[in-house]
Chemist: 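Structure incoming, see below.
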Amino acid sequence: MRFLCLAFLLVNLIILPVGAQTKKVNSFFPIAVWLQNPNYAKQYQQDGGINMFVGLWNPLDEKQLTQIREAGIQLICEQNAYGLSHKSDPAIYGWMHGDEPDNAQWNETTKTYDPCISPSDIINYYKAIKQKDPDHPFYLNLGQGVSYTTWIGRGECTGKTNMYPQYLKGCDIASFDIYPVNSEDTIIKDKLWMGAKGIDSLKRWTDNRKPVYTWIETTLIGKESPRKPTPQEVKTEVWMAIIHGANGIGYFCHSFYPANDEAALLHDKQMLAAVKEINNTITSLAPVLNSDTQSGYATVKSSNAKVPVHIMAKKQDNTHYLFTVAMRNMETVASYKVSSGKEVEVIGENRKIKVVNGQFEDHFNGYEVHLYKIN
């Protein structure tokens, strides 16, 4: 299966008018859906807190662009003549490569798989597209081999991680997809932290110089999928990625079983409500998330050696924030040391914790997320 990512909210644009599109606005954090009909754009924005579409079923035209613009959503799609003639339209964020060039490529003529696409082809195509439009960013999504390095779906390219830094020279924004809950493969099955692992790799391969994203599963994807993720697992995958440095996230919304449904997320009221809550929290914290990560402010120790607790520290004005997650599906108690602060507000949980002598503790269930505002 193939998936892509990215996202940008029109009222909180990460882009400015053409010619100034590399500048960030602090109030924006990208949240996307992949390959959805523009008829759903307004519903995704209103009911899901989504701010970008990535990919279109059909070449970009006036009807689709109007629907997306009127929904207050940004678009990344394949470049075509219509798009180039409307590249100043505020709804167009950028252009994209074909999906997952690092995987073996299905050949419809021979009904067999060809090798993965050469990084040099990706780089050359990137250069050609940028010549036509140097002002919009170019987006590349890679497959699960970014994290699951021995995945056989890459064919003869399996295990060749040295190709990835080369692929990443052919884009301005990079992402990858992996779906551990939907996977039958015991190597990654239910290992929610595989998304965070892939983010670490993308950041390393880009020398932290390009935005990186990941795609999050929300549905029962296929007949072979053991089960669909729970709302809590979706929340965990999202925050694991962000805590590890993801600059944006996207949701895979399709289901191919028991019937094909591209907008299965929209038809799952419980999951849609959970995703909207996650996205509203991200959007409300966007200025914080877009600020520099603070090193040295906090440390953490887990009472259960089998459960690392990972943290990301931020600061806005005189307020510190700690975004934290238990990286394994077991309970633990986290003991924090912070260099300042007297009281911890646990965001979204309606509770507070006192800081005593620069320390506080909190309990984690398996794969649980806690977000702290420290006054």
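Just so you know, residue 1 is the first one in the sequence shown, and it goes up from there.
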Chemist: Less than 4.5 Å apart, side chain to side chain, heavy atoms only: is that true for Lys197 and Ile178?
Modeler: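 In short, these two side chains do not touch, never coming nearer than 4.5 Å.
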
Chemist: Report yes or no: does Thr324 contribute a side-chain atom to a donor-acceptor pair with the main-chain N or O of His370 at less than 3.5 Å?
Modeler: yes

Chemist: May I ask you to decide if Pro90's main-chain N or O and Arg69's side chain share a donor-acceptor pair within less than 3.5 Å?
Modeler: no

Chemist: Taking atom NZ of Lys342 and atom CD1 of Ile374, what is their separation to the nearest 0.5 Å?
Modeler: 14.0 Å

Chemist: Does a side-chain heavy-atom distance below 4.5 Å link Ser225 with Thr219?
Modeler: no

Chemist: Taking Phe176's backbone N and O only, do any of them form a donor-acceptor pair with Gln144's side chain (distance below 3.5 Å, no angle check)?
Modeler: no

Chemist: Please check: side-chain N/O of Lys276 versus main-chain N/O of Gln46, any donor-acceptor pairing under 3.5 Å?
Modeler: yes

Chemist: In sequence, state the C-alpha distance, the side-chain angles, and the governing distance for Asn103 and Arg154, and then conclude on side chain to side chain contact (heavy atoms under 4.5 Å, CB included).
Modeler: CA-CA 4 Å; Asn103 290 343; Arg154 296 189 64 203; 3.6 Å; yes

Chemist: Treating Ile, Leu, Val, Met, Phe, Trp and Tyr as nodes and any side-chain heavy-atom pair under 4.5 angstrom as an edge, say whether Met327 and Tyr148 lie in one connected cluster.
Modeler: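 As far as the 4.5 Å side-chain criterion goes, Tyr148 and Met327 are connected within one cluster.
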
Chemist: Determine, step by step, whether Val181 and Asp190 satisfy the side chain to side chain contact (heavy atoms under 4.5 Å, CB included) criterion, reporting the C-alpha distance in whole Å, the side-chain angles of both residues, the deciding distance to 0.1 Å, and the verdict.
Modeler: CA-CA 5 Å; Val181 175; Asp190 293 333; 4.2 Å; yes

Chemist: So Tyr367 and Thr230, do their side chains get closer than 4.5 Å, heavy atoms only?
Modeler: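 A side-chain contact is absent here, since even the closest heavy-atom pair is not under 4.5 Å.
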
Chemist: Flag the pair Trp34 / His254 as yes when at least one side-chain heavy-atom distance between them is below 4.5 Å, and no otherwise.
Modeler: yes

Chemist: At what distance, to the nearest 0.5 angstrom, does CG of Asn304 lie from OG1 of Thr332?
Modeler: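 Spacing of CG (Asn304) from OG1 (Thr332) equals 5.0 Å.
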
Chemist: If I take atom CG from residue Leu272 and atom OH from residue Tyr251, how far apart are they, to the nearest 0.5 angstrom?
Modeler: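 If we round to the nearest 0.5 Å, Leu272:CG and Tyr251:OH are 10.5 Å apart.
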
Chemist: When you measure from the side chain of Asn51 to the backbone of Gln74, do you find a donor-acceptor pair of N or O atoms at a distance under 3.5 Å?
Modeler: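 The answer is no, because no donor-acceptor pair under 3.5 Å joins these two groups.
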
Chemist: Could you grab the distance from atom CD1 of Ile31 to atom CD1 of Ile249, nearest 0.5 Å is fine?
Modeler: 5.5 Å

Chemist: With sequence neighbours left out, which residue pairs that include part of residues 331-375 fulfil the disulfide bond (SG atoms under 2.5 Å apart) condition?
Modeler: none

Chemist: Any side-chain to backbone donor/acceptor pair from Tyr297 onto Ser340? Under 3.5 Å, distance only.
Modeler: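 Here the side-chain-to-backbone pair exists.
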
Chemist: Would you mind telling me which of Glu233, Glu217, Glu184 makes a salt bridge (charged side-chain N to carboxylate O under 4.0 Å, His left out) with Arg227?
Modeler: Glu233

Chemist: Are side-chain N/O atoms of Thr149 and Thr161 paired as donor and acceptor at under 3.5 Å?
Modeler: no

Chemist: Are the side chain of Asp317 and the backbone of Thr319 linked by a donor-acceptor contact shorter than 3.5 Å?
Modeler: no

Chemist: Is the Phe138 ring parallel, tilted or perpendicular to the Tyr125 ring (thresholds 30°, 60°)?
Modeler: perpendicular

Chemist: Should Ile187 and Trp151 be marked as a side chain to side chain contact (heavy atoms under 4.5 Å, CB included) after you check the CA-CA gap, both sets of side-chain angles, and the distance that decides it?
Modeler: CA-CA 9 Å; Ile187 294 179; Trp151 185 55; over 6 Å; no

Chemist: Could you tell me whether Asn318 atom CG has more than 12 heavy atoms of other residues or ligands within 6.0 Å of it?
Modeler: no

Chemist: Does the side chain of His320 come within less than 4.5 Å of Lys314's, by heavy atoms?
Modeler: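 Not touching, per the 4.5 Å side-chain cut-off.
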
Chemist: Which residue, Leu322, Leu285, Val344, Ile347, forms the side chain to side chain contact (heavy atoms under 4.5 Å, CB included) with Lys373?
Modeler: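 Exactly one candidate clears the test, Ile347.
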
Chemist: Closest heavy-atom contact between Asn162 and Pro165?
Modeler: O-CD, 3.4 Å

Chemist: Hey, is Lys87 close enough to Asp135 for a salt bridge, meaning N to O under 4.0 Å?
Modeler: no

Chemist: State, to 0.1 Å, how close Ser85 and Tyr82 come at their nearest heavy-atom pair, and which atoms those are.
Modeler: OG-O, 2.7 Å

Chemist: Would you say that more than 12 heavy atoms from the other residues, nucleotides or ligands in this model lie under 6.0 Å from the NZ of Lys127, or not?
Modeler: no

Chemist: Do the ring planes of Phe256 and Phe252 sit parallel (below 30°), tilted (30 to 60°) or perpendicular (above 60°)?
Modeler: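 Answer is tilted, since the angle falls between 30° and 60°.
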
Chemist: Do you know which two heavy atoms are closest between Arg328 and Pro308, and how far apart they sit?
Modeler: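 Distance-wise, the nearest heavy atoms are CG-CD, 3.9 Å.
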
Chemist: When you measure from the side chain of Asp102 to the backbone N and O of Gly143, does any donor-acceptor pair fall under 3.5 Å?
Modeler: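 Yes, Asp102 side chain to Gly143 backbone: donor-acceptor pair under 3.5 Å.
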
Chemist: Please check if any side-chain donor atom of Asn280 sits under 3.5 Å from a side-chain acceptor atom of Glu277, or the reverse.
Modeler: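 Distance-only check fails for Asn280 and Glu277.
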
Chemist: Taking C-beta and beyond as the side chain, do Ile68 and Leu56 meet within less than 4.5 Å on heavy atoms?
Modeler: yes

Chemist: Would you name the heavy atoms of Ile173 and Pro137 that are closest together and state the gap between them?
Modeler: CD1-CB, 3.8 Å

Chemist: Who pairs with Cys171 by disulfide (SG to SG under 2.5 Å), at least two apart in sequence or on another chain?
Modeler: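 Disulfide (SG to SG under 2.5 Å) check on Cys171 returns nothing, list empty.
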
Chemist: Can you measure from CD (Glu224) to OH (Tyr257) and round to the nearest 0.5 angstrom?
Modeler: 9.5 Å

Chemist: Do Gln232 and Thr236 have a side chain donor and acceptor closer than 3.5 Å?
Modeler: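 Result is yes, a qualifying pair exists.
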
Chemist: Just by distance, do the side chain of Glu262 and the backbone of Cys253 share a donor-acceptor pair under 3.5 Å?
Modeler: no

Chemist: By side-chain contact (heavy atoms from CB on, under 4.5 Å), which residues pair with Glu331, not counting sequence neighbours?
Modeler: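 side-chain contact (heavy atoms from CB on, under 4.5 Å) list for Glu331, sorted by chain: His363, Asn365.
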
Chemist: Dump the intermediate steps for side chain to side chain contact (heavy atoms under 4.5 Å, CB included) on Leu289 and Tyr321, then the final yes or no.
Modeler: CA-CA 9 Å; Leu289 295 174; Tyr321 293 81; over 6 Å; no

Chemist: Between Ser175 and Asn141, do the side chains contain a donor N or O and an acceptor N or O under 3.5 Å apart?
Modeler: yes

Chemist: Quick one: are Val288 and Phe323 in side-chain contact, heavy atoms under 4.5 Å?
Modeler: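 The answer is yes, as the side chains (C-beta and beyond) meet within the 4.5 Å cut-off.
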
Chemist: So for atom NZ, which belongs to Lys210, do other residues, nucleotides or ligands contribute more than 12 heavy atoms lying within a distance under 6.0 Å?
Modeler: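 Atom NZ in Lys210 is crowded, with more than 12 foreign heavy atoms closer than 6.0 Å.
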
Chemist: Looking at Asn107, I'd like to know if its CG atom is crowded, meaning that more than 12 non-hydrogen atoms belonging to other residues, nucleotides or ligands lie closer than 6.0 Å.
Modeler: yes

Chemist: Do Val146 and Ile243 sit in one hydrophobic cluster, given that two such residues count as connected whenever their side-chain heavy atoms are within less than 4.5 Å of each other, even indirectly?
Modeler: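 Yes; tracing contacts between hydrophobic side chains, which count when under 4.5 Å, links both residues.
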
Chemist: Taking atom OG1 of Thr293 and atom NZ of Lys315, what is their separation to the nearest 0.5 Å?
Modeler: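 The OG1 atom of Thr293 sits 14.0 Å away from the NZ atom of Lys315.
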
Chemist: Verify the cluster assignment for Val355 and Val309: are they in a single hydrophobic cluster under the rule of side-chain heavy atoms below 4.5 Å apart?
Modeler: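 Yes, because Val355 and Val309 connect within a single hydrophobic cluster, where side-chain heavy atoms sit under 4.5 Å apart.
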
Chemist: Is Thr158 reaching over with its side chain to a backbone N or O of Thr150, donor-acceptor style, under 3.5 angstrom?
Modeler: no

Chemist: Are Ile311 and Val338 linked, directly or through other ILVMFWY residues, by side chains that come within less than 4.5 angstrom of each other?
Modeler: yes

Chemist: Kindly give the heavy-atom pair with the smallest separation between Cys116 and Tyr167, and that separation in Å.
Modeler: SG-OH, 3.7 Å

Chemist: Check the orientation of His310 and His244. Use parallel for under 30°, tilted for 30 to 60°, and perpendicular for over 60°.
Modeler: tilted

Chemist: Check whether any side-chain heavy atom of Tyr164 lies under 4.5 Å from a side-chain heavy atom of Ser201, and answer yes or no.
Modeler: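 A side-chain contact is absent here, since even the closest heavy-atom pair is not under 4.5 Å.
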
Chemist: Do His86 and Asp89 have a side chain donor and acceptor closer than 3.5 Å?
Modeler: no

Chemist: Hydrophobic clustering (ILVMFWY, side-chain heavy atoms < 4.5 Å, transitive) - are Val325 and Ile199 grouped together?
Modeler: yes

